[in-house]
Enquirer: 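Below you'll find the structure I mean.
The chains referred to below are lettered A, B, ... by the order of the sequence lines, with proteins before strands, and numbering in each begins at 1. Hydrogens, waters and symmetry mates play no part in the numbers below; they use all other heavy atoms, side chains included.
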2 protein chains.
Amino acid sequence: MYINDKVVEEMTNALKIASDATRIKILSCLLDELDSTKEQSEHLIEKCVNDIALQIGASQSLVSHQLKVLKDGDFIKSRKEGTKIYYSLKDAHVREIISITYEHVLEKFESHD
Amino acid sequence: MYINDKVVEEMTNALKIASDATRIKILSCLLDELDSTKEQSEHLIEKCVNDIALQIGASQSLVSHQLKVLKDGDFIKSRKEGTKIYYSLKDAHVREIISITYEHVLEKFESHD
DNA sequence: ATATTATATGAACAGTTATTCATATTTGCA
DNA sequence: TGCAAATATGAATAACTGTTCATATAATAT
């Protein structure tokens, strides 16, 4: 299967965005359920910057920087309400990439230990 | 959804492995079909180092280095036959990660242009 | 044994990036 | 207007990583 350079580049960018511990933590805390055997909830989880920072144990500045990366990469969207900005996952692909990677890791654990 | 640090670390590692242009090209050329609307073929595609290098237009050394990374990360497996070593995708998760990322990119193109 | 083919490896360099710190911007409210 | 809360930004640094080049290993055939 041949894919052109532009598509490879965009795929690389998308996966680079997902391949960072801080960003995975952010995405995970915006993701309701990782277990794919359970039904994906349609409920949209929204969290503001400070809540995310507290939940994942990172600084406000770091979370803000990484939220920008995730947003530029179309992984999340935002909604303004007063001084707060609520972030949430953008679409199903993001959920799937995280879920499948999660399963891949679990399977690796099983087969190697 | 809370996942522990060890799992986050492994997920990060797995996605780091996938987030490189050379490695995506290698995986793509070991992947029969990217279009998820078509049925995933069960046919295993096997290619040796030099064939891959020629197909993606990279040096033998670079491909060998990256095949090692992909194999250590459980993305591919290998089979020896004489002097040649045949590589192929390891499991369905790898196909899915690549396919979904591909779709994510296509959708991004559509929504932004 | 020697040559050839196929693949792997190690060191080195260049480019990239995650994090921190300090500061700026924006909004709501008294 | 001035203050506080929430978020964003820019610069600097430290750590990481993809690629190249040269060389090594392994297997096969003559």
Enquirer: Are B:Y86 and B:I52 connected into the same hydrophobic cluster when the rule is that any two of I, L, V, M, F, W, Y join if their side-chain heavy atoms are below 4.5 Å apart?
Expert: no

Enquirer: For the base of D:dA8, is there a side-chain donor-acceptor partner from A:Q60 under 3.5 Å away?
Expert: yes

Enquirer: Just how far, in rounded Å, is P of C:dT19 from CD1 of A:I56?
Expert: 9 Å

Enquirer: With respect to the phosphate group of C:dT4, does any side-chain polar atom (N or O) of B:T83 fall under 4.0 Å of OP1 or OP2?
Expert: no

Enquirer: OP1 or OP2 of C:dT5 sitting under 4.0 Å from any side-chain N/O of B:K84?
Expert: no

Enquirer: Let me know the distance between CD1 of B:I26 and P of C:dA8, rounded to the nearest Å.
Expert: 11 Å

Enquirer: For the base of C:dC21, is there a side-chain donor-acceptor partner from A:S59 under 3.5 Å away?
Expert: no

Enquirer: Can you tell me if A:N50 touches the phosphate of D:dT7, counting only side-chain N or O atoms and a distance under 4.0 Å to OP1 or OP2?
Expert: yes

Enquirer: Using heavy-atom distances to pick each residue's nearest nucleotide on DNA chain C, tell me which of A:E81 and A:V69 is more 5'.
Expert: A:V69

Enquirer: When the distance from CG of A:N13 to C1' of C:dT17 is rounded to whole Å, what number comes out?
Expert: 13 Å

Enquirer: Hey, does B:D5 have a side-chain heavy atom less than 4.5 Å from the side chain of A:K25?
Expert: yes

Enquirer: Tell me whether the side-chain N/O atoms of A:S64 come closer than 4.0 Å to OP1 or OP2 in D:dA8.
Expert: yes

Enquirer: Is any side-chain nitrogen or oxygen of B:S61 closer than 4.0 Å to OP1 or OP2 of C:dT9?
Expert: no

Enquirer: Let me know the distance between CD1 of A:I85 and P of D:dA5, rounded to the nearest Å.
Expert: 17 Å

Enquirer: State, yes or no, whether a side-chain contact exists between B:I45 and B:L89 at a heavy-atom distance under 4.5 Å.
Expert: no

Enquirer: Closer than 4.0 Å, any side-chain N/O of B:Y87 to the OP1 or OP2 of C:dA6?
Expert: no

Enquirer: So which one's nearest nucleotide on DNA chain C is more toward 5', A:S19 or B:V49?
Expert: B:V49

Enquirer: State, yes or no, whether a side-chain contact exists between B:R79 and B:I85 at a heavy-atom distance under 4.5 Å.
Expert: no

Enquirer: What's the CG-P distance between B:L15 and D:dT17, to the nearest Å?
Expert: 14 Å

Enquirer: Counting only side-chain nitrogens and oxygens, does B:Q66 get under 4.0 Å of the OP1 or OP2 atom of D:dT19?
Expert: yes

Enquirer: To the nearest Å, how far apart are A:K16 NZ and D:dC16 P?
Expert: 16 Å

Enquirer: Could you state the atom-to-atom distance from CD1 of B:I17 to C1' of D:dG18 in whole Å?
Expert: 14 Å

Enquirer: Please report, rounded to the nearest Å, how far the P atom of D:dT23 is from the NE2 atom of B:H65.
Expert: 15 Å

Enquirer: Compare all side-chain heavy atoms of A:N4 with those of A:V8 and state whether any distance is below 4.5 angstrom.
Expert: no

